[in-house]
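The next block holds one structure in the form of structure tokens; read it before the comments.
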Amino acid sequence: MVMNFNQEVYNLLRLIPKGKVVTYSQIALCLGNVKLARAVGNALHNNPNPKLYPCHRVVNRKGELSKAFAFGGSGAQMKMLVDENTQFDRFNRVRLDICGFDIEKFIKSQN
DNA sequence: GCAATGGCCCATA
DNA sequence: CTATGGGCCATTG
């Protein structure tokens, strides 16, 4: 069965450990190149199952949360991350140096 | 097939 | 720091 792009994105989301986050560009790189970042955002927008796929663990390259988080407003994403002990800096940006998950490296180590 | 959409990224000013 | 313009890509209507 050939998986479409969105499904590839969702599969990657399940690899992100609780308390960690990845960026759109990281996912994009895993699927080909950084230019896919926008398509990744679109995939998350169409996330059919937020319970199974932790779309809240995806932030932009600066660690900022999405403005129009689709499920419960922007506050919801922040709450979920806080509940997972995700670390933030004083500007409400995720501490990528602490909570960033090198998913590309992880995948390689799994091979 | 075309046009619009999007939770992006990058360089530049 | 903000603002803008350009680019790229998959999905959707």
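Just so we're clear, the structure is a prediction, and the values are computed from it rather than from any experiment. Naming: A, B, ... by sequence-line order, numbering from 1 per chain.
- Per the geometry, CG belonging to A:Leu65 stands 17 Å off C1' belonging to B:dG6, to the nearest Å.
- Put simply, chain A comes within 4.0 Å of DNA chain C, heavy atom to any atom, from C:dC1 to C:dT11, going 5' to 3'.
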Strictly under 3.5 Å: I want the nitrogen or oxygen pairs between protein and nucleotides 9-13 of chain B, one per line.
residue : atom : partner : partner atom : Å
B:dC9   : OP1  : A:Arg61 : N            : 3.2
B:dC9   : OP2  : A:Arg61 : N            : 3.4
B:dC10  : OP2  : A:Arg61 : NE           : 3.0
B:dC10  : OP2  : A:Arg61 : NH1          : 3.4

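- Among the heavy atoms of the strands lying under 4.0 Å from A:Leu36 are primed sugar atoms or P, OP1, OP2 only; no base atom is included.
- Judged as a side-chain hydrogen bond (donor to acceptor under 3.5 Å, both in side chains), and not counting sequence neighbours, the contacts of A:Lys79 are A:Asp83.
- Atom CG in A:Asn42 sits about 5 Å away from atom C1' in B:dG6, given to the nearest Å.
- Shown for residues 84-96 of chain A: no residue has heavy atoms falling under 4.0 angstrom of DNA chain B.
- For residues 46-57 of chain A, the set of pairs meeting the side chain to side chain donor-acceptor pair (under 3.5 Å) definition, not counting sequence neighbours, comprises A:His56-A:Glu84, A:Arg57-A:Glu84.
- A:Ile16 is not connected to A:Val82 by any chain of hydrophobic side-chain contacts under 4.5 Å among Ile, Leu, Val, Met, Phe, Trp and Tyr, and they are in different clusters.
- The ring pair (Phe, Tyr, Trp, His ring centres under 6.0 Å) check on A:Phe88 picks up nothing, with sequence neighbours excluded.
- The nearest whole Å value for the distance from the CG atom in A:Asn46 to the C1' atom in B:dG6 is 9 Å.
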Show which side-chain atoms of residues 25-32 of chain A pair as donor or acceptor with protein atoms under 3.5 Å away, not counting sequence neighbours.
residue : atom : partner  : partner atom : Å
A:Ser25 : OG   : A:Thr23  : OG1          : 3.0
A:Gln26 : OE1  : A:Thr23  : N            : 2.9
A:Gln26 : NE2  : A:Phe101 : O            : 2.8

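- Although no hydrogens or angles enter the test, the distance criterion places no donor-acceptor pair under 3.5 Å between the side chain of A:Gln77 and the main chain of A:Leu65.
- In DNA chain B, stems built from 3 or more consecutive Watson-Crick or G-U wobble pairs, each with both distances under 3.5 Å, span B:2-6 with C:9-13, B:8-13 with C:2-7.
- Partners of A:Arg61 under the salt bridge (Lys or Arg N to Asp or Glu O under 4.0 Å) rule, at least two apart in sequence or in another chain, do not exist in this structure.
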Practice problem: Could you check A:Val34 against A:Tyr24 for side-chain contact (heavy atoms from CB on, under 4.5 Å), going step by step and ending with a plain yes or no? | Solution: CA-CA 8 Å; A:Val34 69; A:Tyr24 296 91; over 6 Å; no
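- For the side chain to side chain contact (heavy atoms under 4.5 Å, CB included) test with A:Val21, the passing option among A:Ile98, A:Val58, A:Leu96 is A:Leu96; the others fail.
- Under the rule for a side-chain contact (heavy atoms from CB on, under 4.5 Å), the partners of A:Arg93 that lie at least two apart in sequence or sit in another chain are A:Glu64, A:Asp89, A:Phe91.
- Identified under the side chain to side chain donor-acceptor pair (under 3.5 Å) test for residues 102-111 of chain A, with sequence neighbours left out: none.
- Taken to the nearest 0.5 Å, the CG atom of A:Leu13 stands 5.5 Å off from the CG atom of A:Leu44.
- Applying the salt bridge (Lys or Arg N to Asp or Glu O under 4.0 Å) test to every pair with at least one member in residues 26-36 of chain A, sequence neighbours left out, gives no pairs at all.
- Backbone-only contact: A:Asn6 has heavy atoms under 4.0 Å from sugar-phosphate atoms and none from a base.
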